[in-house]
There are 2 protein chains.
Amino acid sequence: MINSITVKDVKLKLGVLCKSKRQSYDMSQEDLGEAIGLSRYTIQKFENGKNATLDTVLKIANHFDLLKPLKKGIDKIIEDENNISLY
Amino acid sequence: MINSITVKDVKLKLGVLCKSKRQSYDMSQEDLGEAIGLSRYTIQKFENGKNATLDTVLKIANHFDLLKPLKKGIDKIIEDENNISLY
DNA sequence: TATATTTGTGTATTATAATAAACAAAATAT
DNA sequence: ATATTTTGTTTATTATAATACACAAATATA
């Protein structure tokens with residue numbers, strides 16, 4: 001597969017999503033950082049695809065109400081794993 | 001909402017998912033760490049809900065072929081954001 | 001255009017995730 | 001039951017994410 005998705009791709013995509021969500025809330029990087037107790041620089045780096053901690057990512061996701069969708073995604077993967085042997 | 005999902009909940013759930021996936025592949029924590037260039041201790045901590053880096057999480061996800069589903073989830077969120085104004 | 005705001009980038013410092021090694025406790029296998 | 005493997009936990013060290021500045025570049029606003 002020459003067109004497989006990479007870790008780097010996902011990090012970049014997460015950054016873009018953060019930026020998009022943030023702008024839809026009319027917040028600056030400063031605003032977002034302040035709202036969730038992170039520095040603007042941490043937001044800045046994350047939005048540009050740099051590495052971050054899970055806490056940082058989940059705090060951001062939480063602020064944009066994405067924790068429940070994420071949980072559902074995880075649950076779906078767990079379900080898939082349990083049901084694969086039934087076919 | 002007294003029953004809202006927390007950052008900690010998601011970290012725990014991700015750890016459980018990692019353990020479940022790993023066991024379905026018949027791998028020890030050592031095996032998994034070795035396979036993706038991480039120490040056993042890093043796997044150990046992640047599976048028990050401790051904080052980790054995005055790189056660590058995505059390397060694990062990648063090893064279990066969860067990067068594409070994750071990408072799709074992100075894309076769905078982006079789509080939802082773009083379409084919300086149409087209703 | 002000028003002003004204000006936001007974003008990108010740099011440097012130094014601090015906090016903490018990741019590593020490595022060892023050992024005990026649990027779980028599995030023989 | 002014993003041996004083997006796996007997991008949980010500790011300590012010390014290293015790598016790096018996060019912070020706090022400052023300042024220039026880019027965007028948006030008046």
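Note that the structure is a prediction, hence the values are computed from the model and not measured. Just the heavy atoms: all of them, side chains too, but no hydrogens, waters or symmetry mates, feed the values below. Here is how names work: the chains are called A, B, and so on, in the same order as the sequence lines, proteins then strands, and each is numbered from 1.
- Checking dA17(D), dT19(D), dT7(C) against every side-chain atom of Thr42(A), the shortest atom distance belongs to dT19(D).
- If you check dT7(C), dT19(C), dG8(D) against the side chain of Arg40(B), the one that comes closest is dG8(D).
- Distance OG/Ser39(B) to CD/Glu30(B): 9.0 Å, rounded to 0.5 Å.
- Protein atom CG of Asp26(B) is 16 Å distant from nucleotide atom C1' of dT7(D), rounded to whole Å.
- Contact annotation: Thr56(B) reaches the phosphate of dA18(C) (side-chain N/O to OP1 or OP2, under 4.0 Å).
- In this structure, CD1 in Ile43(A) is found 9.5 Å from NZ in Lys59(A), a value given to the nearest 0.5 Å.
- The side chain of Gln29(B) contributes an N or O atom lying less than 4.0 Å from OP1 or OP2 of dG8(D).
- Summarising the geometry, the separation between CD on Glu47(B) and C1' on dA26(C) is reported as 15 Å, rounded to the nearest angstrom.
- To the nearest 0.5 Å, atoms CG (Leu70(A)) and CG (Asn62(A)) are separated by 10.5 Å.
- Listed nucleotides dG8(D), dT19(C), dT19(D) differ in distance to Leu38(B); the shortest reach to its side chain belongs to dT19(C).
- Here the nucleotide nearest the side chain of Gln44(B), chosen from dA20(D), dT7(D), dT7(C), is dT7(D).
- The distance between atom CD of Glu30(B) and atom P of dA26(C), rounded to the nearest whole Å, is 21 Å.
- A salt bridge does not link Asp31(A) to Arg22(A): none of the charged nitrogens lies less than 4.0 Å from a carboxylate oxygen.
- For the pair Glu34(B) CD and dT5(D) P, the computed distance is 14 Å after rounding to whole Å.
- Between the NZ atom of Lys45(B) and the C1' atom of dT11(D) there is a distance of 13 Å, given to the nearest Å.
- For Ile43(A) and dG8(C), the CD1 to C1' distance is 15 Å, given to the nearest whole Å.
- Across the protein-nucleic acid pair, Met27(B) atom CE and dT7(D) atom C1' stand 16 Å apart, rounded to whole Å.
- With distances taken from any side-chain atom of Tyr41(B) to the nucleotides dT19(D), dT19(C), dA18(C), the minimum falls on dT19(C).
- In the set dT19(D), dA18(C), dG8(C), the nucleotide with an atom closest to the side chain of Lys19(A) is dG8(C).
- Between the side chain of Asp55(B) and the backbone N or O of Asn51(A) there is no donor-acceptor pair closer than 3.5 Å.
- As judged by a 4.0 angstrom heavy-atom cut-off over every strand, Lys50(B) is placed among residues making no nucleic acid contact.
- Distance CZ (Arg22(B)) to C1' (dG8(D)): 12 Å, rounded to an integer number of Å.
- Across dT7(D), dA18(D), dA17(C), the shortest atom-to-atom separation from the side chain of Ala52(A) is found for dA18(D).
- Heavy atoms of Gly37(A) sit under 4.0 angstrom from primed sugar atoms or phosphate atoms, though from no base atom.
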